[in-house]
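Okay, so here's the structure we're looking at.
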Amino acid sequence: MSDNSNQQAAPQSEQPLSHDDIRNFLPAKNCLDGKTILVTGAGDGIGRVAALTYARYGATVLLLGRTSSKLEYVYDEIESFGGKQPAMLPMNLEGATYAEMQQLEGLIHKEVGQLDGLLHNAGMLGQLTPLEMYDVDTFAQVMKVNFTATFMLTQALLPLLKDADNGSVVFTSSSVGTHPRAFWGAYALSKQAVEGMSDIFTQETQNTTNLRFNCINPGGTRTNMRAHAFPGENPMSLKTPEDIMGGYVCLMSDESIGVRGQVVALQPKD
Ligand code: NDP
């Protein structure tokens with residue numbers, strides 16, 4: 001936990017890690033020991049594997065998601081390999097209010113006492129269709145889950161995150177967040193907004209706090225969302241969430257202190 005020195009920016013390491021270093025990161029045993037990390041969308045796909053991986057490397061993991069049964073399963077998996085006792089935070093980001101997120105901040109403060117990392121992983125695809133035909137209700141839904149709720153939750157949790165010795169917020173983008181692509185509609189726009197938000201948070205905090213903000217683009221990864229987006233693709237041709245965890249651990253570990261405002265593509269050729 002912190003003292004007043006946390007209000008000062010961390011000295012930048014002389015040579016911050018390159019994107020290749022982050023992609024190829026081989027985590028040391030227990031490199032997340034002592035850290036508490038909240039993962040959104042922790043019940044399935046990449047978020048589930050990230051939560052399990054953070055726990056394997058010593059973190060206390062707070063599992064946020066909308067399907068309690070899936071969170072319970074991840075909770076049990078962590079307990080089964082002797083990870084630190086996790087916590088389940090059921091929340092549907094589509095309908096969640098800012099007041100509920102502030103309550104969550106209060107609960108974490110009271111029950112856990114610290115928050116060192118926040119992985120914004122939850123996301124939804126929406127429609128793959130021209131903007132001209134895009135259903136406006138679906139548009140709002142995708143923007144709420146992928147972008148607005150991400151902003152709200154970050155802001156609500158900032159007091160805890162700024163109090164951490166070396167806090168890290170990791171947003172999840174996508175190739176279409178960096179390069180707009182026809183027919184990807186609200187999903188692409190929400191990811192572009194997320195990348196912009198990470199950049200603005202970085203500019204606004206880098207001189208006054210140790211807290212760092214970065215984006216991960218996992219690249220094509222074998223999950224339900226990918227299968228919906230590319231139904232004709234052979235899933236066995238894709239990397240698994242486990243394959244890309246080095247980068248996810250790196251950005252939460254103290255090895256990445258000094259890495260700020262980056263969009264790290266974990267599969268740059270994707
Ligand atoms: P999945 O669809 O497999 O998992 C998404 C997770 O987000 C699930 O746990 C889901 O919960 C949760 N979620 C969805 N909506 C809500 C909501 N309203 N409230 C709370 N939780 C919600 O997706 P992936 O694992 O593939 O994707 C993870 C992230 O990576 C996303 O942000 C995605 O955009 C991004 N990404 C993925 C790529 C890929 O190839 N897989 C490529 C580029 C980016 P539940 O299971 O309960 O529905």
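When a ligand or atom number is given, it counts from 1 through the structure's own listing order.
With ligand atoms numbered from 1 in the order given, ligand 1 contributes 5 (C), 7 (O), 14 (C), 32 (O) to contacts under 4.0 Å with heavy atoms of G123. Close contacts between ligand 1 and T172 involve ligand atoms 29 (C), 30 (O), 32 (O), 35 (C) [criterion: under 4.0 Å to a heavy atom]. Ligand-side atoms of ligand 1 in range of N92: 17 (C), 18 (N), 19 (N), range being under 4.0 angstrom from any heavy atom. Of all atoms in ligand 1, listed by their number and element, those nearer than 4.0 Å to a heavy atom of L93 are 17 (C), 18 (N), 19 (N), 20 (C). Each of the atoms 19 (N), 20 (C) of ligand 1 lies under 4.0 Å from some heavy atom of M91.
Residue contacts with ligand 1 include S173, since one of its heavy atoms falls under 4.0 Å from the ligand. Put simply, no part of H120 is less than 4.0 Å from ligand 1, judged by heavy atoms.
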Return all side-chain donor-acceptor pairs below 3.5 angstrom for residues 233-250, not counting sequence neighbours, or 'none' if the list is empty.
residue, atom, partner, partner atom, Å
E233, OE1, R226, NE, 2.9
E233, OE2, R226, NH2, 2.7
N234, OD1, M236, N, 2.9
S237, OG, N234, O, 2.6
T240, OG1, E242, N, 3.4
T240, OG1, E242, OE1, 3.4
T240, OG1, D243, N, 3.2
T240, OG1, D243, OD1, 3.4
T240, OG1, D243, OD2, 3.2
D243, OD2, T240, N, 2.8

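The single protein non-hydrogen atom nearest to atom 40 (O) of ligand 1 is T221 N, 2.8 Å, given as residue, atom name and distance. For atom 34 (O) of ligand 1, the closest non-hydrogen atom on the protein side is Y187 OH, 2.6 Å. Protein heavy atom in closest approach to atom 26 (O) of ligand 1: T223 OG1, 2.5 Å.
With a 4.5 Å cut-off on side-chain heavy atoms, S68 and M88 do not count as touching. Counting heavy atoms from C-beta outward, L189 and F139 have side chains that approach closer than 4.5 Å. You'll find the side chain of D116 stays beyond 4.5 Å of the side chain of D165, heavy atoms only. Residues V194 and T172 are not in side-chain contact: their nearest non-hydrogen atoms beyond the backbone lie 4.5 Å or more apart. Within the 4.5 Å cutoff, the side chain of V74 has heavy atoms near those of the I78 side chain. Side chains of M124 and Y187 form no contact here, defined as non-hydrogen atoms less than 4.5 Å apart. A heavy-atom distance below 4.5 Å is found between the side chains of L158 and F201.
Of the charged side-chain nitrogens involved, at least one lies within less than 4.0 Å of a carboxylate oxygen, so that E77 and R48 count as a salt-bridged pair.
Considering both main-chain and side-chain atoms, T67 comes within under 3.5 Å of ligand 1 through a nitrogen or oxygen pair. Some N or O of K70 is nearer than 3.5 Å to an N or O of ligand 1, by distance alone. At least one N/O-N/O distance between G41 and ligand 1 falls below 3.5 Å. Where the criterion is an N or O separation shorter than 3.5 Å, residue side chain and backbone included, I46 meets it with respect to ligand 1.
Residue-level proximity to ligand 1 for P218 is carried by the side chain, the only part with a heavy atom below 4.0 angstrom. By the criterion of a heavy-atom distance under 4.0 Å, both the backbone and the side chain of D44 are placed next to ligand 1. At a heavy-atom distance under 4.0 Å, atoms from both the backbone and the side chain of M225 approach ligand 1.
Closest heavy-atom approach to atom 16 (C) of ligand 1 within the set E94, R66, R48: this belongs to R66. Summarising the contacts of atom 38 (C) of ligand 1 with G219, S174, G220, the nearest heavy atom is found in G219. Between atom 32 (O) of ligand 1 and the options V49, N121, L119, the minimum heavy-atom separation is to N121.
At a cut-off of 3.5 Å, with distance as the only test, no side-chain donor of D137 or Q141 sits close to an acceptor on the other residue.
Considering all non-hydrogen atoms of both residues, L153 and L118 come closest at CD2-CD1, 4.5 Å.
A search for side chain to side chain contact (heavy atoms under 4.5 Å, CB included) contacts involving A96 returns M91, E100, M101, not counting sequence neighbours.
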